[in-house]
Every structure is written in C-alpha cells, then in structure tokens.
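Read the structure below first, then the notes.
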Amino acid sequence: FTLSDLLRRAQDQGPISPRVVANLAMQVCQALAYAHDATDEQGRPMRLVHRDLKPANVMVRRDGLVKLADFGIAKAETNVTHTTTGLTRGTPAYMSPEQVTGGRSAPLDHRSDLFSLASIITELLTGERAFADEQMLDLMNRIAAVDVAEPMERVARVATPFIPVLKTAFQRMPVDRHDGAAAMGKDIRRIYDRLPPSEERISVWLMDWMEDGGTDSLGPDTPTALVGDDALVSPTPSAVESLSMPPTRPSTAVQAAAMG
C-alpha cells in the first residue's frame with residue numbers, strides 16, 4: 001500500500017503515531033540518499049532528483065519496509081537545470097520553490113526532494129497538506145514564498161520534536177536545507193529515539209482495510225498482523241539496498257530517466 005492509503009485510513013482511525021511517521025520518514029531518507037548517490041556503469045555520479053515525491057509514490061511493503069515508486073520523471077541535476085519544462089514537472093502540492101518557479105529562485109538539485117519530503121511528513125503528522133489551495137496559482141505562490149506558518153502550528157500541536165527538522169527542510173533556498181537525505185535522516189532518527197513507543201500500529205489499519213473489503217489495494221495474501229510501531233525499526237544497510245532502494249547498478253529505466 002502507499003502513504004496515500006495510510007492517510008485515507010487515518011481519517012477514520014485517527015492520527016498516525018509520530019513514531020511511525022518518523023520511522024517511515026527515515027526509510028524514505030535512506031532510499032533518497034541511495035538514489036541521489038547512484039552511479040552509472042562507469043561509476044560516474046548520476047545525481048538523480050526524483051522530482052515527484054508524494055504520498056502516492058511512497059510504497060510500504062507488508063513487512064513495513066518502504067520503497068520509492070515512479071522514478072519515471074527523475075532527472076539528473078545536470079539535465080534538469082537546463083530546461084524550464086523539466087523543472088516544473090511533478091505534483092504541484094508537493095513541489096519545491098525551485099520547481100514551481102521553473103528554477104528562477106534557485107537551480108534544482110537533490111535538495112528539492114527534501115522539501116517534498118517535508119511536505120509529506122507534515123501531512124502524515126497533521127492529516128492535512130502543508131500546501132493546499134483551490135486555485136493552482138495561489139498554491140504555487142504559497143510554495144514559492146514557503147508560507148508554512150499555519151502548517152507548522154498544526155505540527156507543533158501534535159509533534160513538537162519535528163519542528164526543527166521541518167523548518168530546515170522547508171527553507172526557500174536549497175543551500176539552507178540539509179546537505180542531503182542522509183543528514184535529514186539522521187535528524188529524524190534523533191526524533192525517533194526521543195519519542196516514546198506508541199500503541200498505534202499500522203497493522204490496525206491494514207486489518208480494517210481487509211475487513212472493509214479493501215484487499216485489492218493490499219493483495220489477497222496480506223497477513224492480518226503486520227508490523228507494529230516497535231517493529232518498524234530501521235532496516236540493516238543490506239536490507240535497505242535490496243528492499244527499500246534502487247539496485248546497486250542503476251536499471252536501464254533509471255539510467256534512461258537520468259539521460260532523458
């Protein structure tokens with residue numbers, strides 16, 4: 001299932017545990033770090049940028065491990081910085097300022113994905129999008145101005161420890177954000193370690209989906225008891241590489257995306 005599925009279910013089940021959010025976010029950071037540091041067959045850095053990181057593109061396996069989906073519009077930094085059309089592709093509500101301005105505010109690089117992740121974390125914690133407007137132009141203007149005062153107030157009411165990491169990731173200029181996904185993941189790990197274990201379990205939502213006839217989105221063999229909050233621990237590096245991230249040698253599709 002995806003984080004979009006989880007968000008929809010949380011509307012009925014209540015808020016998602018901040019500790020679950022931290023764990024999922026850590027795994028996304030690990031996956032992004034691996035993709036951002038990927039090299040081609042000659043060992044040259046590909047400098048991939050996902051450009052469309054959103055809840056629907058973050059998949060959670062039935063054992064709790066996270067995988068990133070839809071690298072179809074991923075581009076290498078050296079390519080995306082040369083074309084305005086390349087910069088503005090993606091899902092508007094989760095874009096970075098440099099995406100919505102077509103690169104006028106700053107060149108687009110891997111730190112654009114960190115801004116998008118901050119938007120996802122905010123939504124997981126509060127149940128509401130960080131940037132939401134009925135009019136597309138208003139939405140893009142809010143992102144360009146990084147108008148996050150109201151979303152940060154909502155986060156502060158439910159998960160204050162997340163405020164510093166979100167404020168950093170939501171910086172308008174990429175240079176003022178975390179250096180990379182690994183650095184952001186370390187900050188989130190510190191939050192995770194400070195949060196008390198929660199009784200909320202992802203398996204509760206999964207069981208409800210099955211009881212409500214929602215097995216199509218999960219698969220008929222999805223077990224009724226999956227991972228709980230304490231079971232959602234950071235996978236080992238080998239597990240991350242094999243289950244949560246792109247292959248060590250980039251696939252043809254990933255290479256094509258970087259070259260496109």
Side-chain angles (χ1 to χ4, degrees), residues 2-11 13-32 50-60 66 68 90-100 110-134 136 138-174 176-178 180-181 183-192 194-195 198 200 202 205 229 232:
T2 69
L3 293 188
S4 290
D5 297 321
L6 188 59
L7 283 164
R8 282 193 293 269
R9 197 60 193 162
Q11 293 176 357
Q13 292 294 104
I16 302 170
S17 161
R19 202 161 191 260
V20 170
V21 174
N23 188 279
L24 295 172
M26 282 191 296
Q27 293 191 65
V28 174
C29 284
Q30 290 174 313
L32 284 175
H50 190 288
R51 298 196 303 157
D52 195 23
L53 193 63
K54 58 185 177 181
N57 284 340
V58 180
M59 304 180 68
V60 183
V66 166
L68 298 187
T91 303
Y94 301 97
M95 284 184 176
S96 64
E98 52 270 34
Q99 280 183 289
V100 299
H110 62 287
R111 292 167 293 192
S112 174
D113 290 338
L114 306 186
F115 190 99
S116 300
L117 178 55
S119 293
I120 294 174
I121 294 172
T122 299
E123 187 172 358
L124 289 172
L125 290 170
T126 67
E128 299 179 49
R129 288 183 174 180
F131 301 100
D133 259 298
E134 293 183 3
M136 183 63 68
D138 292 338
L139 170 65
M140 299 181 82
N141 284 337
R142 282 195 62 204
I143 295 174
V146 194
D147 181 9
V148 293
E150 192 275 332
M152 288 300 92
E153 289 179 3
R154 286 189 271 117
V155 171
R157 289 195 291 267
V158 297
T160 303
F162 281 87
I163 294 296
V165 67
L166 290 176
K167 281 187 174 180
T168 300
F170 271 140
Q171 289 297 310
R172 185 171 186 271
M173 299 302 294
D176 295 323
R177 299 174 201 155
H178 299 87
M184 185 173 179
K186 288 181 180 179
D187 281 352
I188 297 173
R189 177 75 209 205
R190 283 190 281 269
I191 295 172
Y192 179 86
R194 290 166 52 194
L195 293 170
S198 169
E200 291 287 348
I202 291 179
W205 287 298
D229 183 62
L232 272 174

Is there a donor-acceptor contact under 3.5 Å from the side chain of Gln99 to the main chain of Ser96?
-> yes
State the CD-CZ distance between Glu98 and Phe115, to the nearest 0.5 angstrom.
-> 7.5 Å
Is Val148 close to Phe131 at the side-chain level, that is, under 4.5 Å between some pair of heavy atoms?
-> yes
Under 4.5 Å between any side-chain heavy atoms of Ile163 and Met152, yes or no?
-> yes
Met59 atom CE: more than 12 heavy-atom contacts under 6.0 Å = no
Looking only at heavy atoms, which two atoms of Pro55 and Thr2 are closest? And how far apart?
-> O-CB, 3.7 Å
For the residue pair Val165 and Met184, what are the closest heavy atoms and their distance?
-> CG2-CG, 4.1 Å
For Leu3 and Glu123, run side-chain contact (heavy atoms from CB on, under 4.5 Å): C-alpha distance rounded to whole Å, both residues' side-chain angles, the deciding distance at 0.1 Å, then the answer.
-> CA-CA 10 Å; Leu3 293 188; Glu123 187 172 358; over 6 Å; no
Asp113 side-chain N/O to Leu32 backbone N/O, donor-acceptor pair under 3.5 Å | no
Between Pro92 and Ile143, what is the shortest heavy-atom contact and its length?
-> O-CD1, 3.0 Å
Give the intermediate values and the outcome of side-chain contact (heavy atoms from CB on, under 4.5 Å) for residues Leu124 and Leu7.
-> CA-CA 7 Å; Leu124 289 172; Leu7 283 164; 3.8 Å; yes
Nearest-0.5 Å distance that lies between atom CD in Gln171 and atom CG in Leu166 | 11.5 Å
Locate the shortest heavy-atom distance separating His178 from Asp187; write the atom from each residue and the value.
-> NE2-OD2, 3.1 Å
Are the side chains of Pro161 and Leu195 in touch, meaning some heavy atoms are under 4.5 Å apart?
-> yes
Do Val60 and Leu24 pass the side-chain contact (heavy atoms from CB on, under 4.5 Å) test, and can you show the C-alpha distance, the side-chain angles, and the key distance before you say yes or no?
-> CA-CA 8 Å; Val60 183; Leu24 295 172; 4.2 Å; yes
In Å, rounded to the nearest 0.5 Å, how long is the span from OG of Ser17 to CG of Leu125?
-> 9.5 Å
Between Cys29 and Ile188 the two heavy atoms that sit nearest each other are SG-CD1, 4.0 Å
Working for side-chain contact (heavy atoms from CB on, under 4.5 Å), residues Ile191 and Arg189 = CA-CA 5 Å; Ile191 295 172; Arg189 177 75 209 205; over 6 Å; no
Rounded to the nearest 0.5 angstrom, the CG-CZ distance for Leu117 and Arg111 is 15.5 Å
Heavy-atom closest contact (Arg154 atom, Thr126 atom, distance) = NH1-OG1, 2.9 Å
Hey, what do you get for CG (Leu114) to CZ (Phe170), rounding to the nearest 0.5 Å?
-> 11.5 Å
Separation of Leu53 CG from Met95 CE (nearest 0.5 Å) = 12.5 Å
Quick check: does any side chain N or O of Ser116 sit under 3.5 Å from a backbone N or O of Tyr94, one acting as donor and the other as acceptor?
-> yes
